[in-house]
Undergrad: 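My structure is below; once you've seen it, I'll send some questions.
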Amino acid sequence: MTKKKETIINVSLIVALLVVLYVMEHTIPSTAMIFTVLKKGAIYALVAVSMNLLNGFTGLFSLGQAGFMLLGAYTYGILTIPAEQREFVYMYYDGGIIHFSVPVVVALVAAGIVAAAFAYLIGLPVLRLKSDYLAIATLGFAEIIRAIFQWDKLGPVTNGSNLLKSYPTFKSVLFPFIVSGICIAVIVMLINSTYGRAFKAIRDDEVAAEAMGINLAHHKRIAFVVSSFFAGISGALLAMYQTTIQASMFKSAMTYEILLIVVIGGIGSVTGSCLSSFLFIILSEWLLRFLDSDMYIGDFHVPLLRAGFRKVVFSVIIMIIVLFFRKGIMGTKEFSVRGIYNFFTRKKKAAKGGDSND
Amino acid sequence: MTNVLKVENVTMQFGGVVAVDNMNLEVNKGEIVSLIGPNGAGKTTAFNVITGVYAPTNGAVYFNGTKIIENHPQGKMKKLYKGENNGKYSSVLAPTPDKITKMGIARTFQNIRLFKSQTVFENILIAKHLRRTSNLFTATFHLNGKEEAEMRKQTEDLLRILGLEDVKDEMATSLPYGKQRRLEIARAMATEPTLLLLDEPAAGMNPQETEELTAFIGRIRDEFGMTIFMIEHHMDLVMEISDRIYVLDFGKPIAAGTPEEVQNNPRVIEAYLGGAVDE
């Protein structure tokens with residue numbers, strides 16, 4: 001299969017997907033659960049891939065993702081609330097101190113840039129740490145950021161612990177798909193570039209990578225900043241999806257959810273992260289919802305089912321995965337048109353010339 | 001003759017332990033020089049100082065006549081320092097290993113350190129990263145197609161010259177031991193060095209593999225005009241291909257010279273056989 005052919009197939013698949021989504025939107029009522037899954041799944045796919053860039057491809061075990069999403073979400077909200085709405089949103093802070101708003105696309109990019117800028121500053125001291133210590137430090141950062149954003153003194157900007165709302169959101173499921181798609185494509189291109197190879201080298205063996213002339217500090221910082229940039233954008237998307245922002249949304253539990261997605265999908269697999277984020281959202285928002293409510297079969301009260309039980313089930317799932325399926329769905333493999341093509345042609349070849357060795 | 005590498009009065013002290021004690025040595029262009037000595041003599045530590053893993057406690061290192069590393073006892077080491085030439089050096093020059101590699105000193109490791117999840121080809125391709133001219137932006141958006149193609153071509157060429165072409169798509173760790181060693185050397189070569197440091201390249205090899213390696217190292221020197229400085233325990237290998245040998249014992253160089261001179265040096269025999277010379 002030629003490269004050109006592959007590109008054509010890939011592009012037509014993407015177009016087909018978008019068309020299917022478009023048609024679905026015009027035939028299925030918009031309150032259907034499937035749209036929740038698709039929207040949230042696309043957003044989580046982006047943040048999972050950005051976390052995978054760091055954890056899976058560069059080998060930096062960071063747990064700051066929720067913090068960077070919070071930065072992105074707030075940046076987006078603060079910059080896009082229409083000027084005439086600010087009076088109501090910032091009602092406890094005399095309308096806040098910002099009195100302009102920018103277009104959605106600009107705000108999305110700004111969300112990424114703010115997250116990236118913070119990542120750069122945090123990275124200076126934190127990236128000297130290794131493995132678990134890095135995880136602890138980034139987790140701490142995320143918690144501190146959350147606390148700071150709820151601080152009353154910053155109210156004129158962040159609205160304190162009150163909601164940010166009334167900013168522009170999306171209705172169509174196509175929006176998160178396109179934005180996430182573009183961002184994931186950029187991450188994939190980065191991974192396939194010479195920098196991506198350097199990241200993988202650092203993951204495999206830091207000492208050897210450094211001996212190969214790879215500047216560890218520089219490359220780790222790039223991975224950290226780029227990952228945070230896209231986490232920021234996904235935070236902004238999440239804000240659009242939720243229609244309101246509150247700092248308490250971005251708890252460390254959110255980071256763990258994303259970590260769970262990355263681990264289920266396979267650490268070091270982009271397509272794995274995408275697949276598992278949809279899978280995770282389907283399970284948690286849809287199929288396993290029943291775990292959280294009391295259930296009666298006739299007169300029989302099913303034991304254990306009550307609010308919060310879903311979390312227990314997820315904890316058990318993550319334990320099972322860590323113990324028995326450490327590689328996740330995809331391991332480090334990728335799902336691609338070429339891969340499928342090779343898979344089938346190899347089978348054919350094997351069937352054709354099974355035992356002749358010529 | 002011009003010396004490629006010059007180690008001048010280098011002392012490496014960890015707390016109270018002196019691992020390398022006032023070491024002086026020179027490696028000239030096109031030579032194969034070996035560093036030998038009993039276990040714990042400080043050979044690998046010397047390599048780690050030259051490649052920037054450790055900053056020496058005192059002393060300097062020159063590469064092609066330029067000073068690349070210099071340090072003097074500082075902080076609490078001021079009191080603890082037991083070596084010589086204290087006070088001779090005053091400035092601090094401590095580049096990280098990647099900078100040293102960029103200058104043209106490449107190394108291999110005592111325990112093989114290949115990139116495990118990657119193929120032979122990718123292992124070598126990574127070494128081309130440091131000679132890039134593209135930046136993050138051009139590399140991400142694949143605007144450096146020409147350079148990328150050039151990197152791949154150079155990698156292919158190197159694989160062919162070093163006889164690893166037939167295994168290029170195999171995982172690095174699936175190779176037999178001897179080939180892994182060879183791949184590690186090839187990867188170091190891919191950084192386009194002028195000086196190659198090999199840390200026990202024949203460790204764990206059987207006699208036949210050692211013989212192949214000997215020929216391989218000789219070829220690298222001849223075909224690439226490489227200068228080679230290596231640590232080795234296999235005396236057959238050392239005696240066969242070394243132009244000169246330095247012997248290290250308890251961090252101190254105790255002898256230097258051609259293989260014949262070193263073999264007959266009573267101090268060397270003493271160091272290796274433990275003072276049984278006079279009996």
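Numbers restart at 1 for each chain; the letters A, B, ... are given by sequence-line order, proteins then strands. Bear in mind the structure is a predicted one, so any value in this text is a computation, not a measurement.
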Undergrad: Step through the shown structure and confirm whether more than 12 heavy atoms of other residues, nucleotides or ligands are within 6.0 Å of OH on A:Tyr120.
TA: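 No, the 6.0 Å shell around OH holds no more than 12 heavy atoms from other groups.
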
Undergrad: Heavy-atom distances under 4.5 Å only: say whether A:Val186 touches chain B with side chain, backbone, both or neither.
TA: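 Both parts, backbone and side chain.
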
Undergrad: Is A:Tyr133 atom OH crowded by more than 12 heavy atoms from other residues, nucleotides or ligands, each under 6.0 Å away?
TA: no

Undergrad: Side chain from CB out, backbone as N, CA, C, O: work out which of these in B:Glu147 comes under 4.5 Å of a heavy atom of chain A, or both, or neither.
TA: neither

Undergrad: With a 4.5 angstrom heavy-atom cut-off, could you sort out which part of A:Ala209 is near chain B: side chain, backbone, both or neither?
TA: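 For A:Ala209, the contact with chain B is made by backbone and side chain together.
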
Undergrad: Flag the pair A:Ile214 / B:Ile126 as yes when at least one side-chain heavy-atom distance between them is below 4.5 Å, and no otherwise.
TA: yes

Undergrad: Counting heavy-atom pairs under 4.5 Å with chain B, which one of A:Gly268, A:Ala217, A:Ala211 comes out on top?
TA: A:Ala211

Undergrad: Hey, is CZ on B:Arg219 packed in by over 12 heavy atoms from elsewhere, all under 6.0 Å?
TA: yes

Undergrad: Could you grab the distance from atom CZ of A:Arg197 to atom CG of B:Asn123, nearest 0.5 Å is fine?
TA: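 Going from the CZ atom of A:Arg197 to the CG atom of B:Asn123 covers 12.0 Å.
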
Undergrad: Does a sphere of radius 6.0 Å around CZ in B:Phe14 hold more than 12 heavy atoms from other residues, nucleotides or ligands, not counting ones at 6.0 Å or beyond?
TA: yes

Undergrad: With side-chain contact (heavy atoms from CB on, under 4.5 Å) as the test, pick out the partner of A:Met212 among B:Arg113, B:Lys128, B:Arg187.
TA: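 Answer after filtering B:Arg113, B:Lys128, B:Arg187: B:Arg187.
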
Undergrad: So, do B:Asp98 and A:His218 sit near enough that their side-chain heavy atoms are less than 4.5 Å apart?
TA: no

Undergrad: Could you report the tightest heavy-atom contact between B:Ala139 and A:Ser193, atom names first, then the distance?
TA: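 Heavy-atom minimum between the residues: O-CB, 3.3 Å.
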
Undergrad: If the test is side-chain contact (heavy atoms from CB on, under 4.5 Å), which one of A:Val226, A:Leu190, A:Asn192 qualifies with B:Thr140?
TA: A:Leu190

Undergrad: Would you mind telling me which of B:Val53, B:Leu136, B:Leu130 has the largest number of heavy-atom pairs within less than 4.5 Å of chain A?
TA: B:Leu136

Undergrad: Considering only heavy atoms, which portion of B:Thr108 lies under 4.5 Å from any heavy atom of chain A: side chain, backbone, both, or neither?
TA: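 Contact with chain A: none, neither part.
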
Undergrad: So which part of B:Ser117 gets closer than 4.5 Å to some heavy atom of chain A, the side chain, the backbone, both or neither?
TA: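 Both parts, heavy atoms under 4.5 Å.
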
Undergrad: Quick check for you: to the nearest 0.5 Å, what is the distance between B:His142 atom NE2 and A:Thr194 atom OG1?
TA: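 Here the interatomic distance stands at 10.5 Å.
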
Undergrad: Please classify the contact between B:Met103 and chain A as side chain, backbone, both or neither, with a heavy-atom cut-off of under 4.5 Å.
TA: neither

Undergrad: CZ of B:Arg132 to OH of A:Tyr195: how many Å apart, nearest 0.5 Å?
TA: 3.5 Å

Undergrad: In Å and rounded to the nearest 0.5 Å, what is the CG to OG1 distance from A:Leu216 to B:Thr96?
TA: 8.0 Å

Undergrad: Take atom CZ of B:Phe109 as the centre, draw a 6.0 Å sphere, and report whether it contains more than 12 heavy atoms from other residues, nucleotides or ligands.
TA: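 For B:Phe109, atom CZ is crowded (more than 12 foreign heavy atoms under 6.0 Å).
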
Undergrad: With side chains defined as the heavy atoms from C-beta onward, is the minimum distance between B:Phe115 and A:Lys200 less than 4.5 Å?
TA: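 No - every pair of side-chain heavy atoms lies 4.5 Å or more apart.
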
Undergrad: Can you say whether B:Gln118 sits under 4.5 Å from chain A via the side chain, the backbone, both, or neither, judging by heavy atoms?
TA: both

